[in-house]
2 protein chains.
Amino acid sequence: MKQGRTAPDGSYPTRRATIREVAETAGVSRSTASRALTGNGYVAPPVRDRVREVARGLGYVPDATARHLRQQASRSIGVLVSDLSNPFYAGLAAGISQQARRRQYTMMLADDGGSPTVEAEAAEAFVALRVAGVIVTPVSAEIGSYLARQRIPVVEVDRQFSAGACDAVVVDNANAARTVTRQLLDLGHRRIALVIDEMHWTTGRDRLAGYRTAFADAGVPLDESLVVTAGWDVDAARIEAHKLLSRSEPPTAVFAANNVLAEAVWRAAAELDLTIPGQLSLVSFDDVAWMSLVRPGVTAVAQDPVALGEAAISQLLDRIQAPLAPVRTVLLSATVASRGSTAPPATNRR
Amino acid sequence: MKQGRTAPDGSYPTRRATIREVAETAGVSRSTASRALTGNGYVAPPVRDRVREVARGLGYVPDATARHLRQQASRSIGVLVSDLSNPFYAGLAAGISQQARRRQYTMMLADDGGSPTVEAEAAEAFVALRVAGVIVTPVSAEIGSYLARQRIPVVEVDRQFSAGACDAVVVDNANAARTVTRQLLDLGHRRIALVIDEMHWTTGRDRLAGYRTAFADAGVPLDESLVVTAGWDVDAARIEAHKLLSRSEPPTAVFAANNVLAEAVWRAAAELDLTIPGQLSLVSFDDVAWMSLVRPGVTAVAQDPVALGEAAISQLLDRIQAPLAPVRTVLLSATVASRGSTAPPATNRR
DNA sequence: CTGAAAGCGCTTACAG
DNA sequence: CTGAAAGCGCTTACAG
């Protein structure tokens with residue numbers, strides 16, 4: 001933070017200093033001032049020091065937009081997530097933000113609330129701002145191809161809509177889902193419900209696939225009625241979960257495909273006075289703070305959104321460096337945080 | 001999202017279209033193209049339509065940085081918060097982001113992790129980008145004066161460091177703290193600890209003041225050893241809380257000054273097998289998701305960070321419109337979400 | 001070692 | 001009704 005000018009009467013200057021003002025005050029040309037300030041090109045050391053001194057005295061901060069316009073290269077990246085209020089996306093943004101700062105990039109952030117229309121608008125805003133690249137948790141396939149067409153590097157994170165066409169950083173959803181489902185099967189559960197939001201995106205598709213694979217591996221037939229689509233919203237999902245748990249033949253365990261759905265199931269179980277894990281076992285995909293605060297703790301696939309964000313920005317900056325390098329999909333494995341929310345099914349207990 | 005050009009071989013153009021290209025393709029001057037596209041100034045309707053058609057066909061997206069450079073006005077705002085991983089700040093960012101989009105502003109977001117150095121760097125980055133204004137949860141008094149000196153409108157949110165010198169949107173911390181403390185006193189508690197992170201910022205200062213006022217109002221003497229400074233980090237705070245609750249003369253109730261501290265106290269109580277509210281009553285300042293998920297739910301002052309963010313951006317845009325209007329501090333009141341974590345102290349029970 | 005000139009992509013008085 | 005010119009704040013070959 002540089003010192004600004006203060007007039008003798010204590011008032012502030014009306015306009016921000018420009019390089020022209022710095023140059024005039026230092027008695028050099030704008031070219032020389034620019035070279036002195038950026039460090040590009042030669043300037044006699046005493047002149048350089050004088051120019052820098054003057055700039056500091058004037059509180060001069062170079063106009064990054066003008067610089068970028070001239071250089072045709074920006075130091076901003078665009079980040080587009082689905083819901084900042086969800087700790088998963090917030091963590092992702094936190095990881096990206098931290099790395100961006102470390103690498104001297106600035107972050108434009110937008111939240112599309114899951115809407116493809118808003119996503120498209122945000123993408124256009126990023127193009128207008130000529131960001132160096134975009135990181136997105138996509139809600140449509142269009143955003144990837146649109147940005148590619150506009151020659152803006154993109155990395156899809158969490159979900160992948162343009163596999164092979166653009167870089168991506170995703171979690172190994174299938175394996176993680178399979179692992180936790182198997183743990184439930186191993187405990188003796190047979191009626192394991194999958195509560196999910198949608199099954200077309202890679203996250204939903206792969207979590208569903210992992211769940212199915214675990215059943216297949218164990219040679220256990222799967223009751224398709226136990227795969228329930230519960231929507232996006234906690235309240236709507238809570239109602240669906242309530243119905244599910246009130247069935248005449250209810251599941252003995254639930255695998256919630258994300259943290260919002262896990263919350264919905266948790267609330268529905270409380271409404272029905274179902275004890276966990278006594279009457280119901282619960283596992284979640286995506287480990288968020290409350291899961292280790294409640295009793296019993298909720299066993300969950302821990303994705304580390306911060307690491308996901310960091311990997312995404314690394315990937316993006318690599319892509320900016322090497323636009324023609326082969327497209328890459330980075331697969332991050334996830335761990336399972338085992339807590340107290342699972343136990344053998346009640347019917348198996350003596 | 002506009003259609004881009006696709007060459008006959010399916011490849012994309014190498015460079016992004018500029019207004020010059022649009023103008024040439026449409027057979028008009030750049031001035032006319034600009035007028036047609038922006039809607040400023042007159043253009044014969046058929047010409048206007050043709051230009052717009054051409055622009056769409058070329059996938060033309062005007063360069064916002066060039067436009068802003070020319071107009072000396074930007075449509076971006078800078079937002080600087082302390083910790084995106086904390087749901088309070090994430091909610092704040094979500095509220096701001098949503099309103100920004102609605103008003104056709106774009107948001108630059110940075111996270112200073114509570115460091116004044118990082119805060120200063122971020123402020124300078126915002127100045128470099130010539131944002132139209134900044135919203136900040138300040139960690140020092142310098143950021144407000146620095147940005148003011150740079151002629152950039154600022155609104156402080158949540159905390160206030162430059163009262164009177166710049167706009168602010170804050171919660172009525174003193175009243176809310178007083179209310180919850182009084183509730184505890186009314187239940188019969190006398191040994192009510194305040195677990196707090198710091199007491200110099202307005203948030204800490206006013207929450208402490210409200211707590212003291214409630215004691216004074218009730219004519220109950222305050223044991224100063226019950227005001228404990230527990231630091232920023234959940235783990236460090238958990239250790240402090242553990243010590244507090246293990247004292248020979250422990251408190252019968254704890255007022256945690258924010259959500260992180262409430263989490264620390266909650267964990268410490270669990271470690272010590274203290275039942276809530278049987279052996280310990282707990283109230284929190286700042287209501288976050290887990291507090292309604294645990295059993296019993298945690299009684300908390302609910303701040304509505306999204307509303308706080310929305311108020312902040314309103315205030316900022318007003319300020320941008322009227323730079324010389326009197327400085328304003330908006331005080332938002334908070335409600336108390338009463339849940340099951342409080343009860344009369346054990347010693348009062350029969 | 002330094003400065004004049006050109007130009008990044010826009011918009012906007014101004015002249016006709 | 002439209003276009004030529006200037007200029008926003010920078011940087012960078014290039015000439016000297």
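Only heavy atoms go into these numbers, but all of them, side chains included; no hydrogens, no water, no symmetry mates. Every chain is numbered from 1 and lettered A, B, ... according to where its sequence line falls, protein lines coming before strand lines. Note that the structure is predicted; figures quoted are calculated from it, not measured.
- To the nearest angstrom, P of D:dC8 lies 14 Å from CD1 of A:Ile19.
- Relative to the side chain of A:Gln71, the nucleotides C:dC10, D:dT12, D:dA4 differ in distance, and D:dT12 lies closest.
- Checking A:Ser34 against A:Ser31 by side-chain atom types alone, no donor-acceptor pair falls below 3.5 Å.
- A donor-acceptor contact shorter than 3.5 Å links the side chain of A:Arg50 to the backbone of A:Ala26.
- The CD-P distance, from A:Glu21 to D:dC10, rounds to 10 Å in whole Å.
- The one candidate from B:Thr137, B:Leu92, B:Val118, B:Asp111 that meets the side-chain contact (heavy atoms from CB on, under 4.5 Å) condition with B:Ser82 is B:Thr137.
- Proximity note for A:Val28 (side chain, C-beta onward) versus C:dC8, D:dA6, C:dG3: the nearest is C:dG3.
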Are there any protein N/O atoms within less than 3.5 Å of an N/O atom in nucleotides 13-16 of chain C, and if so, which ones and at what distance?
none

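- Between D:dC8 and A:Arg16, no contact under 4.0 Å exists linking OP1 or OP2 to a side-chain N or O.
- There is a side-chain donor-acceptor pair under 3.5 Å between A:Ser162 and A:Glu156.
- Using a 3.5 Å distance cut-off with no hydrogens or angles, the side chains of A:Thr329 and A:Gln160 do pair a donor with an acceptor.
- At a cut-off of 3.5 Å, with distance as the only test, no side-chain donor of B:Arg67 or B:Ser74 sits close to an acceptor on the other residue.
- Distance, B:Arg30 CZ to C:dC10 C1': 8 Å, rounded to whole Å.
- Atom pair A:Arg130:CZ and C:dC8:C1' shows a separation of 11 Å (rounding to whole Å applied).
- No more than 12 heavy atoms of other residues, nucleotides or ligands shown are found within 6.0 angstrom of CZ on B:Arg20.
- If you find the closest nucleotide of DNA chain D to A:Asp63 and to B:Thr32, the one lying nearer the 5' end belongs to B:Thr32.
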The dot-bracket string of DNA chain D, counting Watson-Crick and G-U wobble pairs with both distances under 3.5 Å, using [ ] for crossing pairs and | for pairs to another strand, is |||.||||||||.|||

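- Residues from residues 38-49 of chain B lying near DNA chain C, meaning a heavy-atom separation below 4.0 Å, are B:Thr38, B:Asn40 in numerical order.
- Rounded to an integer number of Å, the gap from OH of B:Tyr60 to P of C:dG9 is 10 Å.
- Between B:Val136 and B:Val154 the shortest heavy-atom distance is CG1-CG1, 3.8 Å.
- Side-chain N or O atoms of B:Glu142 include none that pairs as donor or acceptor with a backbone N or O of B:Ala120 at under 3.5 Å.
- In summary, the side chains of A:Arg328 and A:Gln315 do present a donor paired with an acceptor at a separation below 3.5 Å, with no hydrogens or angles considered.
- For the residue pair A:Gln99 / A:Ser314, no side-chain donor-acceptor distance below 3.5 Å is found, with atom types taken as modelled.
- Note on B:Ser34: a base of the nucleic acid sits closer than 4.0 angstrom, heavy atoms only.
- Remark: C1' of C:dC8 and CZ of B:Arg67 are 16 Å apart, rounded to the nearest angstrom.
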